[in-house]
Amino acid sequence: METETATPWLTDAEQCAWRTYLDVGRLLNYQLERDLQPFGLTINDYEILVNLSEAPDRRLRMSDLASATLQSKSRLSHQITRMENAGLVRRENCESDRRGLYAVLTDPGMETMRKVAPHHVESVRSHLIDRLTPEDLDHLHQSLKPIAERLRGLRGKP
């Protein structure tokens with residue numbers, strides 16, 4: 001494809017790697033989501049449960065949770081409302097900042113996390129981890145780590 005840009009097109013090998021990466025990301029997310037459906041959770045729900053279960057006092061400011069899950073504040077608010085209705089989380093006011101809110105993992109939410117986590121780990125293991133040798137896994141980690149670090153550094157920048 002011809003264009004008037006100085007950016008070089010991807011080589012066949014680069015294009016193949018890029019498209020395989022996209023396929024794996026989409027397919028793995030799709031499968032992990034399917035494996036959570038019997039529990040009535042989405043992958044976003046599960047990520048929120050994980051973040052809250054690992055936080056001190058099982059609570060995070062909504063803005064910090066939005067940042068951790070790469071969601072807009074508006075989208076997270078809708079997600080938390082849905083999870084509140086299911087009894088998994090609740091909102092609490094922030095005493096130090098009257099405008100701030102916390103998302104808090106409820107006891108039923110923690111019990112859901114304890115019940116679902118082994119199944120999710122089994123799914124991750126089955127669809128990714130067990131498909132790679134320990135060397136492949138290390139290589140994957142070492143290859144993706146600098147990319148993740150760079151992208152984290154770009155967050156919030158135009």
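- Looking at L101 and R61, their side chains never come closer than 4.5 Å, going by heavy atoms from C-beta outward.
- Using a 4.5 Å cut-off between side-chain heavy atoms of Ile, Leu, Val, Met, Phe, Trp and Tyr, with links allowed through other members, L151 and L70 fall into different hydrophobic clusters.
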Given side chain to side chain donor-acceptor pair (under 3.5 Å), test Q15 with R19 step by step and report yes or no. CA-CA 6 Å; Q15 186 73 259; R19 289 189 177 184; 3.0 Å; yes
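- In terms of the salt bridge (Lys or Arg N to Asp or Glu O under 4.0 Å) criterion, residue partners of R26 (sequence neighbours excluded) are, by chain and number, D23.
- Residues H78 and R75 fail the side-chain proximity criterion, which asks for heavy atoms closer than 4.5 Å.
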Hey, mind stepping through N44 and Q71 against side chain to side chain donor-acceptor pair (under 3.5 Å) and telling me if it holds? CA-CA 9 Å; N44 288 336; Q71 294 189 55; 4.6 Å; no
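- The neighbour count for F39 CZ, taken as heavy atoms of other residues, nucleotides or ligands under 6.0 Å away, is above 12.
- For P108 against G87, the heavy-atom pair with the smallest separation is CB-O, 3.8 Å.
- At least one side-chain heavy atom of D107 sits less than 4.5 Å from a side-chain heavy atom of R58.
- Between M62 and S77, the shortest heavy-atom distance links the atoms CE-CA, 4.1 Å.
- In this structure, the side chains of D64 and N51 stay at 4.5 Å or more apart for every pair of heavy atoms.
- Taken to the nearest 0.5 Å, the CG atom of N85 stands 11.0 Å off from the CD1 atom of I80.
- With sequence neighbours left out, the salt bridge (Lys or Arg N to Asp or Glu O under 4.0 Å) criterion links E84 to R91.
- Put simply, L140 and I129 are part of the same group of oily side chains (I, L, V, M, F, W, Y) that touch within less than 4.5 Å, one to the next.
- The two atoms that bring S143 and P146 nearest to each other are O-CD, 3.6 Å, heavy atoms only.
- Dense packing is recorded around CZ of R155, with more than 12 heavy atoms of other residues, nucleotides or ligands lying under 6.0 Å away.
- R90 meets the salt bridge (Lys or Arg N to Asp or Glu O under 4.0 Å) test with E92; sequence neighbours excluded.
- E111 contributes atom CD, which lies 10.5 Å from atom CG of L105 (distance to the nearest 0.5 angstrom).
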Going by atom type alone, with no hydrogens or angles, which donor-acceptor pairs under 3.5 Å involve a side-chain atom of residues 114-128 and a protein atom two or more places apart or on another chain?
| residue | atom | partner | partner atom | Å |
| --- | --- | --- | --- | --- |
| S123 | OG | D35 | OD2 | 2.5 |
| R125 | NH1 | D130 | OD1 | 3.0 |
| H127 | NE2 | D35 | OD2 | 3.0 |

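- Atom CG of L49 is separated from atom CE of M83 by 4.0 Å, given to the nearest 0.5 angstrom.
- Nearest heavy atoms, S53 versus M110: CB-SD, 3.9 Å.
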May I have the step-by-step check of side chain to side chain contact (heavy atoms under 4.5 Å, CB included) for W18 and L10, ending in yes or no? CA-CA 9 Å; W18 171 240; L10 299 179; 4.2 Å; yes
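- T69 OG1 to L76 CG: the interatomic distance, rounded to the nearest 0.5 Å, is 5.5 Å.
- For D57, the salt bridge (Lys or Arg N to Asp or Glu O under 4.0 Å) test picks out no residue, with sequence neighbours left out.
- Interatomic distance, CD of E47 versus CG of L52, reported as 10.5 Å (0.5 Å rounding).
- Looking only at side-chain heavy atoms (C-beta outward), R82 and T42 come within less than 4.5 Å of each other.
- Within the model, atoms OH of Y46 and CG of L36 stand 7.5 Å from one another, a figure rounded to the nearest 0.5 Å.
- Criterion: ILVMFWY side-chain heavy atoms under 4.5 Å apart, direct or through other members. Under it, L137 and L28 are part of a common hydrophobic cluster.
- Linking ILVMFWY residues whenever their side-chain heavy atoms come closer than 4.5 Å, directly or via other members, places L132 and L144 in the same cluster.
- Residues Q31 and L27 have side chains not in contact (no heavy-atom distance under 4.5 Å, counting atoms from C-beta outward).
- Residue Y102 shares its hydrophobic cluster (ILVMFWY side chains chained together at separations under 4.5 Å) with V104.
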